[in-house]
Amino acid sequence: MTESASLWTLFASSFLAATLLPGGSEMVLFGVLKLHPQQLWPALVVATVGNTLGGLSSYCIGRFIPQKKALTMQTGLDRVRRHGAPVLLLSWVPIVGDPLCLAAGWLRLNPWWSAFYMALGKFARYWVLAAAVV
């Protein structure tokens with residue numbers, strides 16, 4: 001697979017992995033770095049941007065949920081409310097991360113800070129994975 005095709009595949013995989021759809025992008029990052037180790041930084045950027053945009057899509061879905069709707073995960077919402085956007089550093093965590101992004105949108109957390117903390121957490125995860133591969 002060419003470098004360009006590998007990066008596009010990584011982008012799509014990382015985007016979808018961060019939505020409410022099931023999936024993972026770690027193995028795709030591993031494969032890209034094994035095939036093209038010279039693409040370390042482009043792969044980190046592509047994976048982080050794709051994963052952050054996927055998380056922001058969940059955030060946007062949360063923004064469209066009317067405030068009057070009651071959610072059953074009240075304890076989780078209280079934690080997001082209490083900690084604010086920095087809780088999105090954990091948006092990369094499987095099972096928990098997608099609902100955090102959704103809750104951040106529903107709670108109308110600042111979108112810029114939300115995107116910043118999502119990107120920071122997701123980059124850190126990809127950086128650790130890449131360091132283990134390269």
Side-chain angles (χ1 to χ4, degrees):
M1 184 180 285
T2 67
E3 290 178 2
S4 178
S6 295
L7 293 176
W8 278 107
T9 301
L10 177 60
F11 177 83
S13 172
S14 63
F15 180 90
L16 291 174
T19 65
L20 297 174
L21 300 172
S25 57
E26 295 81 8
M27 292 307 295
V28 177
L29 177 64
F30 177 83
V32 168
L33 292 177
K34 281 297 185 187
L35 285 173
H36 310 288
Q38 72 281 8
Q39 292 292 322
L40 172 66
W41 286 105
L44 285 174
V45 169
V46 165
T48 300
V49 169
N51 212 241
T52 300
L53 290 174
L56 286 172
S57 72
S58 296
Y59 175 93
C60 288
I61 291 169
R63 293 284 294 218
F64 287 111
I65 297 173
Q67 289 286 311
K68 294 179 182 177
K69 294 276 185 190
L71 296 180
T72 57
M73 304 282 288
Q74 193 61 41
T75 305
L77 280 174
D78 290 340
R79 287 189 181 133
V80 174
R81 230 184 238 117
R82 185 178 16 202
H83 297 292
V87 77
L88 294 172
L89 285 168
L90 299 174
S91 65
W92 65 269
V93 176
I95 300 170
V96 179
D98 298 336
L100 280 177
C101 296
L102 189 73
W106 189 75
L107 292 170
R108 309 302 197 255
L109 297 184
N110 181 298
W112 298 107
W113 284 114
S114 296
F116 172 76
Y117 285 110
M118 270 187 233
L120 188 61
K122 290 168 184 287
F123 174 80
R125 178 210 39 199
Y126 284 125
W127 184 77
V128 169
L129 290 170
V133 174
V134 178

(message) What I want to check is whether the side chains of S14 and Y126 have a donor and an acceptor closer together than 3.5 Å.
(response) no
(message) Can you list everything that forms a salt bridge (charged side-chain N to carboxylate O under 4.0 Å, His left out) with E26? Sequence neighbours excluded, please.
(response) R125
(request) Could you pull out the closest heavy-atom pair between C60 and F64, with the gap in Å? (result) O-CD1, 3.0 Å
(message) What I'd like to find out is whether the side chain of P42 reaches to under 4.5 Å of the side chain of L7, using heavy atoms alone.
(response) yes
(message) Applying a strict under-4.5 Å side-chain criterion to I, L, V, M, F, W and Y, I'd like to know whether M27 and M1 cluster together.
(response) no
(message) For the OG atom of S114 and the CG atom of L56, what is their distance to the nearest 0.5 Å?
(response) 8.0 Å
(message) Going by side chain to side chain donor-acceptor pair (under 3.5 Å), name the residues that satisfy it together with S58, two or more places apart in sequence or in a different chain.
(response) none
(message) What I'd like to find out is whether the side chain of L102 reaches to under 4.5 Å of the side chain of I65, using heavy atoms alone.
(response) yes
(request) Return the minimal non-hydrogen interatomic distance between L29 and A130, and the atom names on each side. (result) CD2-N, 4.5 Å
(message) Membership question, hydrophobic clusters at under 4.5 Å side-chain separation (ILVMFWY): are V32 and W127 in the same one?
(response) yes
(message) Test of understanding: with side chain to side chain donor-acceptor pair (under 3.5 Å), list the residues that count as partners of Y117, not counting sequence neighbours.
(response) none
(request) For residues G54 and S57, report the shortest heavy-atom separation together with the two atoms involved. (result) O-OG, 2.5 Å
(message) Can you pull out every salt bridge (Lys or Arg N to Asp or Glu O under 4.0 Å) where at least one residue sits in residues 90-118? Sequence neighbours excluded, please.
(response) none
(request) Going by the side-chain contact (heavy atoms from CB on, under 4.5 Å) test, name the single residue among T52, V45, V46 that passes it with T48. (result) T52
(message) Is there a side-chain contact between F116 and L88 in this structure, where contact means two heavy atoms from C-beta onward sitting under 4.5 Å apart?
(response) no
(request) Find out if a path of hydrophobic residues (ILVMFWY) with successive side-chain heavy-atom gaps under 4.5 Å connects V93 to V87. (result) yes
(message) Same cluster or not: L109 versus V96, using hydrophobic residues (I, L, V, M, F, W, Y) connected whenever any side-chain heavy atoms lie under 4.5 Å apart?
(response) yes
(request) Measure the spacing between CG of L33 and CG of L44 and express it to the nearest 0.5 Å. (result) 7.0 Å
(message) With a 4.5 Å cut-off on side-chain heavy atoms, are N51 and F15 touching?
(response) no
(message) Using only atom types and a distance under 3.5 Å, with no angle test, would you say the side chain of T2 pairs donor to acceptor with the backbone of A5?
(response) yes
(message) Treating S13 as the side-chain partner and G24 as the backbone partner, does any N or O pair qualify as donor plus acceptor under 3.5 Å?
(response) yes
(message) Would you say that L120 contacts L89 through its side chain, given a criterion of any heavy-atom pair below 4.5 Å between the two side chains?
(response) yes
(message) Would you say that W92 contacts M118 through its side chain, given a criterion of any heavy-atom pair below 4.5 Å between the two side chains?
(response) no
(message) In this structure, would W112 and Y59 fall into the same cluster of hydrophobic residues linked by side-chain contacts under 4.5 Å?
(response) no
(request) Mind checking ring-ring contact (aromatic ring centres under 6.0 Å, His included) for F30 and listing every partner two or more places apart, or none if nothing turns up? (result) none
(message) Please list all pairs meeting side-chain hydrogen bond (donor to acceptor under 3.5 Å, both in side chains) that have one or both residues in residues 31-46, counting only residues at least two apart or in different chains.
(response) E3-Q38, E3-Q39, S6-H36
